[in-house]
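Note sheet for the following structure.
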Amino acid sequence: MLQDMNSEDVHGDYQESLQHYYDGAERKILVSDIEIPYPEGRLIVSSTDSSGVITHVNQSFIDMSGFSKDELVGQPHYILRHPDMPPAAFKDLWDTVQAGNRWQGYVKNLRKDGAYYWVYATVIANIRNGEVKGYTSVRRKPSRKRVQECIELYPTLF
Amino acid sequence: MAYQFTVSPDFGPSHIAGWQIFNTYLQRQLSEGIHFELYDNFEQQRQAIFDDKVDLIYANPYDAAMLVREKGFVAIAKPTAKEDEAIIVVNAESETQSVEDLKPGTRLATTDDPDVHMMGMIMLEPADLNVNNVEITQCDSYVLVAKQLLRGTCDVGFFLEEAYQDLSAMVRDQMRTLVTSQIQIIQHVLLVGPELASRRDELFHILEAMTSEEKGQGVLESMGIQGWEKLEQEDVEFMIDLMSTLVED
């Protein structure tokens, strides 16, 4: 069960809203204006099953998301979704990977503490014996110039 | 007919003898003829793989996808605590303090080591640099990459971290690290081809036992490896998936 965000976890001022997800779930989110810089040289890696439930995270994912491994595995991947990300971006992501193609894009992620971080993400299907067993997403440090372009573009996509 | 064993051409020259000794060790343990073949570069090695000449390989992760998914190789083992990490280095006198200081036209020294080159290029992305806006000089060795930096003919160099640490302290003192990868998942793997695959378990038991007997320990030491860990097929499939997210189309 997806938990509401807890104000005790959040640093600084924040805005509260109700986030709705594609599967009908919803939760209270608390969002601050604090950006956490992407760590140098790291890749943030996670895998999900075919329905988008997290099955694997690496240490960089844990460090950047602010959640523990136990809080992440078994949760829908949209636990990281930031309200500034247009739903159209994720629709494009799922349409692309479900068609067996690689998706790449710039994503603003929400942390457990309400702060955010930008990544350049690549998502692919894990195909074993011809069947999609799940999806793997690998994020790397984004170009600041491209992030700035997304900051201007994404609000126009709602 | 003897089987053929080969090693990714990017290992340090100090370990050539070690790999030869390892091959002899394997032949004795398996009671099987195995010919040890070294290729000068990745292109020659890939051609041999393509021609089905290779039966056992200590493979660069970059080539694992082709070996597993096109040539039917299966995973045996990976060396303990020996992940491939890349570093980007500049001349110690360089004004560049971070990757983001680099500009289009940057002169880059690299090798044909495919995973290190790939990781290096990824670490240049935050500066909006890519193959289309940097000047690449491909060198035959990491020593030559260092020379390019020391002479000032290149601005940045890509190194396998282990190879950088193998340079003399005097050379390293004249250079400075900008960024080091901490990927932890990408590493060389020992794979066996279809002709030898039926002996995969036997091979792993031989590798596993190396750390517990004196002769095996000596062989490991000469290769610069602490020991071997079992590599499940899903482990290598996952690494291949991860690599495919990083390799540009």
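Here the structure is a predicted model, which means the values were calculated and not measured. So you know, we letter chains A, B, ... as the sequences are listed, proteins then strands, and number each from 1.
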How about NZ on B/K82, more than 12 heavy atoms from neighbouring residues, nucleotides or ligands closer than 6.0 Å, or not? yes

Under a 4.5 Å heavy-atom cut-off, does chain B meet the side chain of A/Y38, its backbone, both or neither? neither

Hey, is CG on B/D140 packed in by over 12 heavy atoms from elsewhere, all under 6.0 Å? no

Crowded around B/E234 CD? As in, over 12 foreign heavy atoms under 6.0 Å? yes

Compare every heavy atom of B/V247 with every heavy atom of A/R102, then report the nearest pair and how far apart it is. NH1-O, 2.5 Å

Is it the case that atom CG in A/D92 sees more than 12 heavy atoms from other parts of the structure closer than 6.0 Å? yes

Greatest number of non-hydrogen atom pairs under 4.5 angstrom with chain B, of A/R146, A/K145, A/K141, falls to A/K141

Tell me, side chain or backbone of B/I185 under 4.5 Å from chain A's heavy atoms, or both, or neither? side chain

Which atoms of B/E100 come close to chain A, meaning under 4.5 Å heavy atom to heavy atom: side chain ones, backbone ones, both, or neither? side chain

Under the 3.5 angstrom rule, does the side chain of A/R144 hit a backbone N or O of B/D128 as a donor-acceptor pair? no

A/V45 and its side chain to side chain contact (heavy atoms under 4.5 Å, CB included) partner, picked from B/L242, B/I183, B/T245: B/L242

Between atom OG1 of A/T136 and atom CD of B/E237, what is the distance when rounded to the nearest 0.5 Å? 11.0 Å

Checking side-chain contact (heavy atoms from CB on, under 4.5 Å) for the pair A/T122/B/L246: CA distance, chi angles, key distance, verdict? CA-CA 8 Å; A/T122 304; B/L246 303 176; over 6 Å; no

Determine the minimum heavy-atom distance between A/R128 and B/D241, stating which atoms define it. NH2-OD2, 2.9 Å

Is it true that atom CD of B/E125 has more than 12 heavy atoms of other residues, nucleotides or ligands lying nearer than 6.0 Å? yes

Just checking A/D13: does its CG atom have more than 12 heavy atoms from other residues, nucleotides or ligands closer to it than 6.0 angstrom? no

A/R140 and B/M123: CA distance, side-chain angles, deciding distance, side-chain contact (heavy atoms from CB on, under 4.5 Å) verdict: CA-CA 8 Å; A/R140 52 221 223 203; B/M123 290 193 289; over 6 Å; no

Mind ranking B/I87, B/I122, B/I88, B/V99 by heavy-atom pairs under 4.5 Å with chain A and telling me who comes out on top? B/I122

Interface moiety of A/S47 toward chain B, non-hydrogen atoms closer than 4.5 Å: side chain

Part of B/S98 within contact of chain A (heavy atom distance under 4.5 Å): neither

